[in-house]
Protein chains: 2
Amino acid sequence: MSNKEISTEQAILKAAKNIFIRKGMEGARMQEIADEAGINKALLHYYFRSKDKLFEAIFTDAILKIVPNIMEMMKSDLPLFTKIELFTNNYIDAFTENPFVPGFIMHELSRDPSKIVNMVKNAGINPHPFIDQVKRETESGNIIPVDPYHLIVNMLSMCIFPFVATPILINVLFNKNADSYKEFILQRRKEVPHFIINAIKKK
Amino acid sequence: MSNKEISTEQAILKAAKNIFIRKGMEGARMQEIADEAGINKALLHYYFRSKDKLFEAIFTDAILKIVPNIMEMMKSDLPLFTKIELFTNNYIDAFTENPFVPGFIMHELSRDPSKIVNMVKNAGINPHPFIDQVKRETESGNIIPVDPYHLIVNMLSMCIFPFVATPILINVLFNKNADSYKEFILQRRKEVPHFIINAIKKK
DNA sequence: GTCTATATTGTGATAGAC
DNA sequence: GTCTATCACAATATAGAC
């Protein structure tokens, strides 16, 4: 395997990622990916047998972005509020770097939900340590009683939704000003954990 | 225009809605829509000139579901906490009845964001009365200081995200048990406004 | 208005020269 | 490994009979 090979394969993956993530499996065109990579269609099939295989490579990679290595942290014995802050910051940072990933994942999973089975297996997601911790804090009266499932969904909602709804929010809420929306996203790193902790802490 | 005509057109619209909303513009097939409506492809083009025109009709209709007539309410002089409860309940109810609409809108808008411009014009969305009310309540010290833009996005996030992410949540958080997820969605009618109000009320 | 048949175009995939 | 040319088929759209 020569250097040239590697570099072509990388170019394909990079181009495919750009196109697939913006347009989805069905919206993407092999021609478009080839153009973006500066090669022709035939080479795509030389490196990856089919559109499906190429898509699979991109999709798997994107999944890894949505399931970062914070599971260890969630299992740890850090204080609840610290975990909430680390969790939200981690996701908001990851999506700020890859803003199209959330919408991509959402759409493709609703197209073919069976993919989640593999995702869950490979990622080793386990929300129960966190759920148990929330239950313990509720029972010992350290926080306002809260259903841990709703808490988790609320956390994920506030981290992910703004990236899925970016075009709506820019137009409706920010007068089509993309810059002030960027600023807004940066603020969420602080605002979201602050909001969540306010909702459950006793004062 | 005979009764038969109307009924065929309605059948087409109903079928198209089913297919488009589940599969999106690019995933949907005219053949599939024709089958669902119990007619053939040619009739689709007789009633709606092209796939694009048919899609446009469905999309516009779906938008109206995501922008219900609660704008009047938001402009009213109801107490802030009452508005928050009405707002969240209204959205959660609308999406419970049309669970595929949020994902559909999100995906299509990221495919062609320019559609939002028309949407906003026609719907007359204006968040400023609500924003001003939040500012007033903050300044008079009635609530914990909160940025109104983040508050609105948080509200929308918690109402909409669970419907966009349904397949993920069922598999990862609810052990593939769709029934307990349904139960969970019903609970959110109470949990979401409760959570939001807790986050901003002084105690 | 509704159908069958067909035209037309787009797109994933392959063959084969270099 | 990379290209050009082409195939095979799927999907939108139209023509024309009834």
Side-chain angles (χ1 to χ4, degrees), chain A residues 1-62 104 107-108 110-112 114-115, chain B residues 1-62 104 107-108 110-112 114-115:
Chain A
M1 199 192 297
S2 73
N3 280 340
K4 197 73 179 298
E5 274 181 56
I6 293 175
S7 130
T8 299
E9 187 170 339
Q10 295 305 103
I12 292 175
L13 285 171
K14 189 179 169 188
K17 184 181 159 185
N18 268 336
I19 304 296
F20 274 133
I21 276 189
R22 281 178 174 74
K23 311 208 167 184
M25 166 66 180
E26 282 147 341
R29 298 285 163 257
M30 294 295 268
Q31 183 62 60
E32 215 177 349
I33 296 172
D35 292 346
E36 177 99 0
I39 55 166
N40 62 28
K41 281 189 298 176
L43 258 196
L44 294 181
H45 288 90
Y46 176 80
Y47 279 92
F48 303 83
R49 271 188 59 79
S50 66
K51 187 183 181 182
D52 276 309
K53 301 257 190 236
L54 180 53
F55 177 80
E56 199 60 30
I58 304 301
F59 185 79
T60 305
D61 192 67
F104 172 66
H107 180 251
E108 294 302 330
S110 76
R111 208 173 57 85
D112 180 8
S114 69
K115 295 191 180 225
Chain B
M1 199 193 293
S2 72
N3 280 339
K4 198 74 181 296
E5 272 182 54
I6 293 175
S7 131
T8 299
E9 188 171 338
Q10 294 306 103
I12 292 175
L13 284 170
K14 189 178 167 188
K17 184 182 158 184
N18 269 335
I19 304 297
F20 274 134
I21 276 189
R22 281 177 174 74
K23 312 208 165 181
M25 165 68 179
E26 282 143 344
R29 296 287 163 255
M30 294 295 266
Q31 183 62 62
E32 217 178 346
I33 295 172
D35 293 346
E36 178 100 357
I39 53 165
N40 63 26
K41 282 186 296 176
L43 260 195
L44 293 181
H45 286 90
Y46 176 79
Y47 280 92
F48 303 83
R49 270 188 61 81
S50 66
K51 186 183 181 183
D52 276 311
K53 300 258 190 235
L54 180 52
F55 178 81
E56 199 61 29
I58 304 301
F59 185 79
T60 305
D61 191 68
F104 172 67
H107 180 251
E108 295 302 330
S110 78
R111 211 172 56 84
D112 180 7
S114 69
K115 296 192 179 224

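Since the structure is predicted, the reported quantities are computational estimates derived from the model, not experimental observations. FYI, side chains are in, hydrogens and waters are out, and symmetry mates aren't considered; it's all heavy atoms of this structure.
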Is B:N40 close enough to C:dT4 that one of its side-chain N or O atoms is under 4.0 Å from OP1 or OP2 there? yes
Measure from CE on B:M25 to C1' on D:dA11 and round the result to the nearest Å. 12 Å
In whole angstrom, give the distance that lies between atom NZ of B:K51 and atom P of D:dA13. 8 Å
Between D:dA17 atom C1' and B:Y46 atom OH, what is the distance in whole Å? 15 Å
B:K115 and B:E56 ion-paired at < 4.0 Å: yes
Is the shortest side-chain heavy-atom distance between B:F20 and B:I33 below 4.5 Å? yes
Nearest to the A:M30 side chain among C:dA15, D:dT2, C:dG12, which nucleotide is it? C:dG12
For the pair made of CD in B:E26 and P in C:dG12, what is the distance, rounded to whole Å? 11 Å
DNA chain C: 5'-proximal contact among A:R49 and A:R29 (nearest heavy atom): A:R29
B:I39 CD1 to C:dT2 P: how many Å, rounded? 8 Å
Between C:dG12 atom P and A:Q31 atom CD, what is the distance in whole Å? 9 Å
May I ask you to check whether B:S50 and B:D52 show a side-chain donor-acceptor distance below 3.5 Å? no
OP1 or OP2 of D:dT14 versus the side-chain N and O atoms of B:H45: is any pair under 4.0 Å? no
Tell me whether the side-chain N/O atoms of B:T8 come closer than 4.0 Å to OP1 or OP2 in C:dT2. yes
Measure the spacing between CE of A:M30 and NZ of A:K41 and express it to the nearest 0.5 Å. 9.0 Å
Rounding to an integer number of Å, can you tell me how far A:Y47 OH sits from D:dT2 P? 4 Å
Assess whether a salt bridge exists between A:E26 and B:K23, defined as any Lys/Arg side-chain N lying under 4.0 Å from an Asp/Glu carboxylate O. no
Using a cut-off of 4.0 Å on non-hydrogen atoms, how would the nucleic acid contact of A:A28 be classed: base, sugar-phosphate, or nothing? sugar-phosphate
Can you tell me the distance, in whole Å, between the CD1 atom of A:I33 and the P atom of C:dT11? 12 Å
